[in-house]
Protein chains: 2
Amino acid sequence: MSIISGKWKLIILFHLMPDKVLRFNELKRLIPGITQRMLTKQLRELEQSDIIERTIYPEIPPRVEYSITEYGRTLQPILQMMHQWGEAHLRRMEAAAAAHE
Amino acid sequence: MSIISGKWKLIILFHLMPDKVLRFNELKRLIPGITQRMLTKQLRELEQSDIIERTIYPEIPPRVEYSITEYGRTLQPILQMMHQWGEAHLRRMEAAAAAHE
DNA sequence: CGGTATCCACAGTGATACTG
DNA sequence: CAGTATCACTGTGGATACCG
């Protein structure tokens, strides 16, 4: 849990899964509402857990790419199941809300 | 995530899964370190999510039993996968620690 | 472009005492 | 037995400004 908990980690992983390569600002654009600080923080934590990889290209302007590691990919079945369960859960909540109208 | 995140929720579910029925103080004894307040809070949250069920027996002394709901049981495959991944993760960390000794 | 540096609010967690 | 009530602490998350 300590590896995937964090407000934005699942969303980040969702965008990098199964094998996308994205730059910092691409991720920022894909995740509305996240601040630069939080994106940096959560990316660093995922990197420290060896779930994602950070590749720096020493150019100007700077370019940094993020991608899933092989180890990170072992999380995919779990995340996929969580995603499916979450969708079903939302449908269930909607059904419950509709029921007492 | 909002349903299973919380420091003790996974541990609580682990003890109630697949179909155990436990009383408040039994859970408290099974989970060393948890305080009464936190156990109550996390149980209430799981109950509100319809993951566990709370049955009150109006006796003296009071008796309250907790059990997994049918809906809660749909989480089992996910929790089991998370558990397995977590164990593998621990072994990996140990191996990494041993490697640079 | 891809970040740090500060500062701050608040939710989550916890210790302790009390109760029907 | 199975909780509340109260108070306190701390880390996560966030807004904003600045930087090589």
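Lettering of chains follows the sequences in order, A, B, ..., and the numbering in each one begins at 1.
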- prompt: Just how far is it from atom CD of B/Glu45 to atom CD1 of B/Ile52, taken to the nearest 0.5 Å?
  reply: 10.0 Å
query: How many angstroms lie between CE in B/Met38 and CH2 in B/Trp8, if you round to the nearest 0.5 Å?
result: 8.0 Å
- prompt: Between which nucleotides of DNA chain C, read 5' to 3', does contact with chain B run, using atoms under 4.0 Å from its heavy atoms?
  reply: C/dT13 to C/dG20
task: Give the C-alpha distance, both sets of side-chain angles, the deciding distance and a yes or no for side-chain contact (heavy atoms from CB on, under 4.5 Å) between B/Leu10 and B/Met82.
output: CA-CA 10 Å; B/Leu10 290 184; B/Met82 290 179 67; 4.2 Å; yes
message: Please determine whether residues B/Ile12 and B/Ile56 belong to a single hydrophobic cluster, defined as Ile, Leu, Val, Met, Phe, Trp and Tyr linked transitively by side-chain heavy-atom distances below 4.5 Å.
response: yes
- request: Measure up the B/Phe24 and B/Tyr66 rings against each other and bin them: parallel (under 30°), tilted (30 to 60°), perpendicular (over 60°).
  value: tilted
task: Without swapping roles, check the side chain of B/Lys9 against the backbone of B/Ser5 for a donor-acceptor pair under 3.5 Å.
output: yes
statement: Per the under-4.0 Å heavy-atom filter, residues of residues 34-53 of chain B near DNA chain D come out as B/Gln36, B/Arg37, B/Thr40, B/Arg44
field: chain A footprint on DNA chain D, 5' to 3' - any atom under 4.0 Å from a heavy atom
entry: D/dG13 to D/dG20
task: Scan residues 57-81 of chain A for pairs that pass salt bridge (charged side-chain N to carboxylate O under 4.0 Å, His left out), counting only residues two or more places apart or in two chains.
output: A/Glu59-A/Arg63, A/Arg63-A/Glu65
- request: Check the pair A/Leu27 / A/His15 against side-chain contact (heavy atoms from CB on, under 4.5 Å), numbers first and verdict last.
  value: CA-CA 8 Å; A/Leu27 275 169; A/His15 284 294; 4.2 Å; yes
task: State, yes or no, whether a side-chain contact exists between B/Val64 and B/Tyr57 at a heavy-atom distance under 4.5 Å.
output: no
message: Can you pull out the residues from residues 54-65 of chain A that lie within a 4.0 Å heavy-atom distance of DNA chain D?
response: A/Pro62
- request: Would you mind reporting whether A/Leu30 and A/Ile11 have side-chain heavy atoms less than 4.5 Å apart?
  value: no
message: Applying a strict under-4.5 Å side-chain criterion to I, L, V, M, F, W and Y, I'd like to know whether B/Met81 and B/Leu90 cluster together.
response: no
- prompt: Pick one: which of A/Glu53, A/Gln76, A/Met17, A/Lys20 meets side-chain contact (heavy atoms from CB on, under 4.5 Å) with A/Ile68?
  reply: A/Met17
message: Contact list please: residues 8-17 of chain A against DNA chain D, heavy atoms, distance less than 4.0 Å, in numerical order.
response: A/Trp8
field: A/Thr40 and A/Arg44: CA distance, side-chain angles, deciding distance, side-chain contact (heavy atoms from CB on, under 4.5 Å) verdict
entry: CA-CA 6 Å; A/Thr40 302; A/Arg44 290 290 187 284; 3.9 Å; yes
query: Counting only heavy atoms not in B/Met1, do more than 12 sit closer than 6.0 Å to its CE atom?
result: yes
- request: Take B/Ile4 and A/Trp85 through the side-chain contact (heavy atoms from CB on, under 4.5 Å) test and state the conclusion after the steps.
  value: CA-CA 12 Å; B/Ile4 57 169; A/Trp85 195 93; over 6 Å; no
